[in-house]
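Notes to accompany the following structure.
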Amino acid sequence: MAQRTVLFVLFDAVQSLDVTGPLEVFMGAEQHAPGTYRIRTASLDGAPVRTSSGLTLVPDRALDDPLDAHTLVVPGGQGTRSPDPALVGWLREHGPRAERLVSVCTGAILLAAAGLLDGRRATTHWAYCDKLARDHPDVEVDPDPIYVRDGHVATSAGVTSGIDLALALVEEDLGREVALGIARHLVVFLRRPGNQAQFSAQLAAQTARREPLRDVQRWITEHPDADLTVESLATRASLSPRHFARAFQTETGMTPGRYVDRVRLEHARRLLEDTSDGIEEISRASGYGTPEAMRRAFVKALGAAPAEYRRRFRPAPAR
């Protein structure tokens, strides 16, 4: 495979993790398979930039040099709030030349300002999806996934989702074993697929203040196939069912039943994506009991039956 140049665009008030997270993935791939990637960073004039967290990044080159990048990565950060017209102009001119165009977090705002997302489906950090949709009506903004692929353009959600997207790109380029080795080294999941919602049940719900309720939240996550009725969970928390249900919703912002539904759905999705277990086995392991009960939950929440979900989102075998 020919060596691919991955160019990271730097600018003042960039989010440092938007740069370093994906960069570490591509650099890890180069270390696992030497000669596959050449990593470069560049700012408009080649001068150092100060990130939003105060770190100083020294680029390899200036953006006015000829573009030779296979993959152009545009990170986000506070510097995208009022985009530099010169940077937007550079992206408008040079972005279409990249074989693969990638944004991390609010880097999608820069791509949209340059007209590179017009007519495409895209995502960004959940807090800025409304702004992206409002300011750029020609962009189909999807606020749910952690990343979106539309042709040669890939956009990702908030901060760490750039790592997920970079791992997916490396897996596409070099195969699952290389991507898995990088994920293990970084101590992250190999695959949080792009269709996974930005908010998991644990993120969507607040963490309860009281320890018994926090213990119940952990128990639900670790035992989706257990008896998770309100009565059973209330007993675990040493509360009456009525008191437990009221306290759980007050402290987490979600009813116990809704929380259980989300945890079971996420568990089943991960098994469908990452294992070859049968539908019946997965339905039992996820607490649904029967394939039909799991099918109804999937159709209601995702608009697709489990088998169809697996066909669409299970990773392709490594080449």
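Being a predicted model, the structure only gives us computed values, none of them experimental.
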Decide, yes or no, whether a salt bridge links [X] with [Y] under the criterion of side-chain N to carboxylate O below 4.0 Å.
| X | Y | answer |
| --- | --- | --- |
| Glu172 | Arg149 | yes |
| Glu308 | Arg295 | no |
| Arg269 | Glu266 | no |
| Arg134 | Asp130 | no |
| Glu222 | Arg218 | no |
| Asp142 | Arg121 | yes |
| Arg61 | Asp68 | yes |

Note, [X] side chain near [Y] side chain (heavy atom, < 4.5 Å):
| X | Y | answer |
| --- | --- | --- |
| Ile220 | Gln217 | no |
| Arg264 | Leu228 | yes |
| Leu87 | Leu110 | yes |
| Val19 | Thr51 | no |
| Phe298 | Leu272 | yes |
| Leu7 | Arg38 | no |
| Ile182 | Val170 | yes |
| Pro256 | Phe244 | yes |

Any donor-acceptor pair under 3.5 Å linking the side chain of [X] with the backbone of [Y]?
| X | Y | value |
| --- | --- | --- |
| Trp90 | Leu44 | no |
| Arg92 | Ala113 | yes |
| His32 | Gly28 | yes |
| Thr106 | Gly77 | yes |
| Thr290 | Ala293 | yes |
| Ser238 | Ala234 | no |
| Thr252 | Phe248 | yes |
| Ser232 | Asp227 | yes |
| Ser240 | His243 | yes |
| Asp18 | Gly76 | yes |

Query raised in the report: Does CZ in Arg120 sit with more than 12 non-hydrogen atoms of other residues, nucleotides or ligands closer than 6.0 Å?
Result: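 More than 12 heavy atoms, drawn from other residues, nucleotides or ligands, come within 6.0 Å of this atom.
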Query raised in the report: Is the count of non-hydrogen atoms from other residues, nucleotides or ligands lying under 6.0 Å from His152 atom NE2 greater than 12?
Result: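 Enclosed.
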Quick check: closest heavy atoms across [X] and [Y], and the distance to 0.1 Å?
| X | Y | result |
| --- | --- | --- |
| Pro59 | Thr41 | CA-OG1, 3.3 Å |
| Pro212 | Ala237 | CB-O, 3.9 Å |
| Tyr309 | Ala304 | N-CB, 4.5 Å |
| Gly107 | Ser103 | C-CB, 3.6 Å |
| Pro224 | Thr221 | CD-O, 3.7 Å |
| Leu165 | Thr155 | CD2-C, 4.2 Å |

Gap between atom [atom2] of [Y] and atom [atom1] of [X] - 0.5 Å precision:
| X | Y | atom1 | atom2 | answer |
| --- | --- | --- | --- | --- |
| Thr80 | Ile109 | OG1 | CD1 | 4.5 Å |
| Gln15 | His125 | CD | NE2 | 9.0 Å |
| Met294 | Ser283 | CE | OG | 5.5 Å |
| Met254 | Asp261 | CE | CG | 10.0 Å |
| Leu72 | Arg97 | CG | CZ | 11.5 Å |
| Asp138 | Asp118 | CG | CG | 5.0 Å |

Please tell me whether [X] and [Y] have a donor and an acceptor in their side chains that are separated by less than 3.5 angstrom.
| X | Y | answer |
| --- | --- | --- |
| Tyr128 | Arg81 | yes |
| His267 | Ser286 | yes |
| Tyr37 | Asp173 | yes |

Requested in this report: Evaluate the criterion side-chain contact (heavy atoms from CB on, under 4.5 Å) for residue pair Leu101 and Leu116; output intermediate values, then yes/no.
Outcome: CA-CA 9 Å; Leu101 191 56; Leu116 299 173; 3.7 Å; yes
Query raised in the report: Checking side-chain contact (heavy atoms from CB on, under 4.5 Å) for the pair Asp164/Tyr147: CA distance, chi angles, key distance, verdict?
Result: CA-CA 8 Å; Asp164 297 290; Tyr147 62 78; 4.2 Å; yes
**Report entry** Working for side-chain contact (heavy atoms from CB on, under 4.5 Å), residues Val73 and Val6
**Finding:** CA-CA 7 Å; Val73 182; Val6 182; 3.8 Å; yes
Requested in this report: Measure up the His223 and Trp219 rings against each other and bin them: parallel (under 30°), tilted (30 to 60°), perpendicular (over 60°).
Outcome: parallel
Requested in this report: Evaluate side-chain contact (heavy atoms from CB on, under 4.5 Å) for Glu140 paired with Thr123, printing each intermediate quantity in order.
Outcome: CA-CA 8 Å; Glu140 181 187 346; Thr123 193; over 6 Å; no
